[in-house]
Amino acid sequence: MSDEKSLNFLEEIIEKDLADGKYTSIVTRFPPEPNGYLHMGHATSICLNFGLSKKYPGYTNLRFDDTNPVTEDTEYVESIKEDIKWLGFEWKHERYASDYFEELYQYAITLIKKGLAYVDDISSEEMATLKGSPTEPGKDSPFRNRTVEENLELFAQMRNGDFPDGARTLRAKINMSHPNMLMRDPILYRIKHAHHHRTGDKWCIYPMYDFAHGQSDSIENITHSICTLEFVPHRELYDWFIEKLEIYPSHQYEFARRNLSYTVMSKRKLLQLVNDKHVNGWDDPRMPTISGMRRRGFTPASIRKFCETVGIAKRENVVDFSLLEFCLREDLNNTALRAMAVLDPLKLVITNYEDGKTEELTSENGPDEAYGQRSIPFSKELWIEREDFMEEPAKKWFRLAPGAMVRLKSAYIVRCDHFIKDENGQVIELQCTYFPESKSGSDTSGLQTKAVIHWVSAPHAAIAEVRLYDRLFKVENPSSEEGDFKDYINADSLQVVNAFIEPSLKNATLQNRYQFLRKGYFCLDKDSTENKLVFNRTVTLKDAWAKEIKK
RNA sequence: UGGGUUAUGGUGUAAAGGUAGCACUACAGAUUUUGAUUCUGUCUGUCUAGGUUCGAAUCCUAGUAACCCAACCA
């Protein structure tokens with residue numbers, strides 16, 4: 001019986017490789033394309049790749065797969081680097097596929113010289129036709145049998161800028177009737193007279209993914225090149241290039257991409273949400289982007305824990321969002337500062353409390369004594385949560401109701417004597433009696449209450465905008481539902497309220513996380529100004545009562 | 001009507017022929033000056049049909065289902 005955590009399939013492969021002496025240390029890489037923001041799916045890959053080189057001897061490179069200049073930009077490079085660092089990982093070398101353009105070009109010449117690549121003049125439409133289909137073999141291009149000399153000459157001219165975009169391509173000469181579509185003479189280079197964010201106008205031909213990725217791995221001596229399952233068919237090509245080019249044999253391994261319930265994870269879909277203004281940008285706190293989650297208040301530790309807990313395998317999956325929330329709450333419960341805020345206020349007046357008097361009470365700042373205590377003002381008029389009063393109490397209701405008693409957190413026990421309604425029948429004020437001898441810390445009243453509620457002293461309260469977020473989609477798997485995934489957007493995913501907050505929260509910082517007692521975990525938003533505080537709700541607390549009343 | 005990958009509770013993931021385990025969720029209870037946290041317990045699973053074996057999630061045979069591949073994207 002071993003209480004060691006079992007290994008995932010990649011760890012097993014690595015341990016075997018290490019045990020066999022195939023490698024003495026490993027090299028992995030995280031290879032984003034700088035054409036968008038990182039999301040939770042990338043976090044999986046980051047935790048995996050960096051995690052493996054942390055667990056085993058070796059290191060991880062950050063390599064930008066920047067082979068398509070028309071969609072890529074340095075803006076993305078910067079945000080990607082920031083996100084990786086925020087997640088808590090360090091790369092050994094920062095590299096770019098574009099660093100290798102000259103080497104890649106030479107590799108292409110090698111293939112041409114071996115008679116394994118040729119310049120093709122047919123259009124993309126013709127190429128698609130000749131490619132055949134998964135069930136039908138393709139046909140050779142009429143340009144397939146050019147001489148090595150002619151190919152060399154034409155490829156040099158391609159590089160030289162002698163042809164317009166799309167006029168010619170360099171293709172590998174493999175097999176047009178191969179059952180694997182990717183082996184049917186894949187394109188190696190295409191002509192794009194485009195400005196590249198790093199190489200500028202130096203090149204007008206750019207390598208395709210398949211001709212760049214594997215070779216880049218090889219150049220960097222990557223031992224374990226880990227990618228998602230849709231690249232499985234590419235592995236045959238990956239190995240073909242390594243064999244024909246006789247270069248360092250990196251190996252590709254694939255795992256199943258991670259899906260999360262109640263959200264979407266593809267760049268394309270996330271882009272639509274941004275463009276169609278369903279969210280306010282890539283870092284909207286409802287987005288599953290790293291920047292969005294950071295703004296929402298997720299902690300790096302919670303994301304790492306989540307990735308570790310889910311594990312990795314090769315089967316299709318949709319992970320419960322509740323597991324992410326569990327990891328989040330677990331971390332936040334241990335680190336968040338406690339404070340009181342009333343999101344939906346109802347006035348509570350203590351009729352037997354002296355007018356104009358203020359008492360300074362103390363309350364704990366955090367989950368344990370190390371966090372210390374703080375002072376909170378208490379007075380005759382308080383704000384409490386509207387949902388903490390029921391005119392006609394439900395079964396098992398422990399909170400305020402006519403004649404009922406509750407404890408005000410870190411203060412006194414009060415009893416509700418009367419309630420006042422406005423002309424619409426809405427309760428607008430509770431009138432209560434307090435018991436002076438029930439003061440927290442020196443309670444001699446002998447009174448017992450089943451509930452403790454939070455409150456804020458009305459004359460001392462500050463006001464803050466609070467943004468309450470809910471899941472972005474109404475269904476577990478928006479992408480697998482009928483019709484457009486956008487039809488399943490949750491229209492109530494953002495609710496903005498003005499809340500009364502205890503005075504100490506005026507000193508809230510962007511770095512700290514807060515637990516608003518009984519309401520959830522919150523963090524200050526970057527939209528805050530000196531005059532206006534804005535808080536984001538990261539996640540609610542678990543709420544057993546909410547479940548109870550559903551029954 | 002080609003090739004590839006995968007099938008274990010509601011979800012995710014273990015078990016390398018020998019007690020189907022862990023986590024989340026759900027449910028029940030204890031504790032609690034947060035109906036939080038913490039603690040205890042319960043429910044639910046090997047895609048199907050055959051076969052091999054003392055013994056099968058695991059091996060064999062035949063099915064079934066899901067996903068990926070026909071971008072000058074990555």
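In the text below, chain A, chain B and the rest are named by the order of the sequence lines, each starting its count at 1. Just so we're clear, the structure is a prediction, and the values are computed from it rather than from any experiment.
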Sorted by position of nearest nucleotide on RNA chain B, 5' first, the leading residue of A/T71 and A/S410 is A/S410

By nearest-nucleotide position on RNA chain B, the 5'-leaning member of A/S322 and A/N68 is A/S322

Under a 3.5 Å distance rule, please check whether [X] uses its side chain to pair with a backbone N or O of [Y] as donor and acceptor.
X      : Y      : answer
A/T169 : A/I187 : no
A/R513 : A/F298 : yes
A/R29  : A/I226 : yes
A/Y189 : A/Y105 : yes
A/N61  : A/R63  : no
A/D121 : A/R168 : no

Under 6.0 Å between the ring centres of [X] and [Y]?
X      : Y      : value
A/Y96  : A/F64  : yes
A/H234 : A/Y209 : yes
A/Y434 : A/Y412 : yes

Using a heavy-atom cut-off of 4.0 Å across all strands, would you classify [X] as base, sugar-phosphate, or nothing?
X      : value
A/Y206 : nothing
A/K267 : nothing
A/W397 : base
A/R329 : nothing
A/G520 : nothing
A/I187 : base

Check this one for me: any side-chain N or O of [X] less than 4.0 Å away from OP1 or OP2 of [N]?
X      : N     : answer
A/K547 : B/A26 : yes
A/R257 : B/C68 : no
A/R168 : B/C72 : no

Pairwise [atom1] distance for [N] and [M], with rounding to whole Å:
N     : M     : atom1 : value
B/A70 : B/G3  : C1'   : 12 Å
B/G10 : B/U1  : C1'   : 36 Å
B/U48 : B/U8  : C1'   : 15 Å
B/U42 : B/U33 : P     : 28 Å
B/U46 : B/G21 : C1'   : 13 Å

Presence of donor-acceptor pair under 3.5 Å, side chain of [X] and base of [N]:
X      : N     : value
A/H234 : B/A74 : yes
A/S440 : B/U33 : yes
A/R338 : B/U34 : yes

Among [options], which nucleotide sits nearest the side chain of [X]?
X      : options             : value
A/Y209 : B/G35, B/A71, B/A74 : B/A74
A/R190 : B/U37, B/U33, B/C73 : B/C73
A/D543 : B/A74, B/G35, B/C72 : B/G35

Partner of A/L38 under side-chain contact (heavy atoms from CB on, under 4.5 Å), chosen from A/W282, A/Y76, A/F30: A/F30

Rounded to whole angstroms, how far apart are [atom1] on [X] and [atom2] on [N]?
X      : N     : atom1 : atom2 : value
A/H213 : B/A74 : NE2   : C1'   : 9 Å
A/R268 : B/A71 : CZ    : C1'   : 13 Å
A/R374 : B/U34 : CZ    : P     : 14 Å
A/N175 : B/A70 : CG    : C1'   : 15 Å
A/L361 : B/U33 : CG    : P     : 18 Å

Return one dot-bracket line describing RNA chain B 5' to 3' (Watson-Crick or G-U wobble pairs, both distances under 3.5 Å; ( ) same strand, [ ] crossing, | another strand, . none). .((((((..((((....[..)))).(((((.......)))))....(((((..]....))))))))))).....

Would you mind checking if [Y] and [X] are paired as a salt bridge, meaning a charged N to carboxylate O distance below 4.0 Å?
X      : Y      : result
A/K305 : A/E330 : yes
A/K439 : A/E359 : yes
A/K409 : A/E364 : yes

Between the protein and nucleotides 11-14 of chain B, are there any N/O to N/O pairs under 3.5 Å, and if so, what are the atom names and distances?
{"unit_1": "B/U11", "atom_1": "O3'", "unit_2": "A/V318", "atom_2": "O", "d": "3.1"}
{"unit_1": "B/U11", "atom_1": "O2'", "unit_2": "A/V318", "atom_2": "O", "d": "3.0"}
{"unit_1": "B/U11", "atom_1": "O2'", "unit_2": "A/D320", "atom_2": "N", "d": "3.3"}
{"unit_1": "B/G12", "atom_1": "OP1", "unit_2": "A/V318", "atom_2": "N", "d": "3.1"}
{"unit_1": "B/G12", "atom_1": "O2'", "unit_2": "A/V310", "atom_2": "O", "d": "2.7"}
{"unit_1": "B/U13", "atom_1": "OP2", "unit_2": "A/R315", "atom_2": "NH1", "d": "2.9"}
{"unit_1": "B/A14", "atom_1": "O2'", "unit_2": "A/S6", "atom_2": "OG", "d": "3.1"}

Carefully, step by step, assess A/Y37 and A/I290 under the rule side chain to side chain contact (heavy atoms under 4.5 Å, CB included). CA-CA 8 Å; A/Y37 291 82; A/I290 305 296; over 6 Å; no

Anything under 3.5 Å between a protein N or O and an N or O of nucleotides 1-4 of chain B, put it in a table, one pair a line.
{"unit_1": "B/G2", "atom_1": "N9", "unit_2": "A/P134", "atom_2": "O", "d": "3.3"}
{"unit_1": "B/G2", "atom_1": "N2", "unit_2": "A/P179", "atom_2": "O", "d": "3.4"}
{"unit_1": "B/G2", "atom_1": "N3", "unit_2": "A/P134", "atom_2": "O", "d": "2.9"}

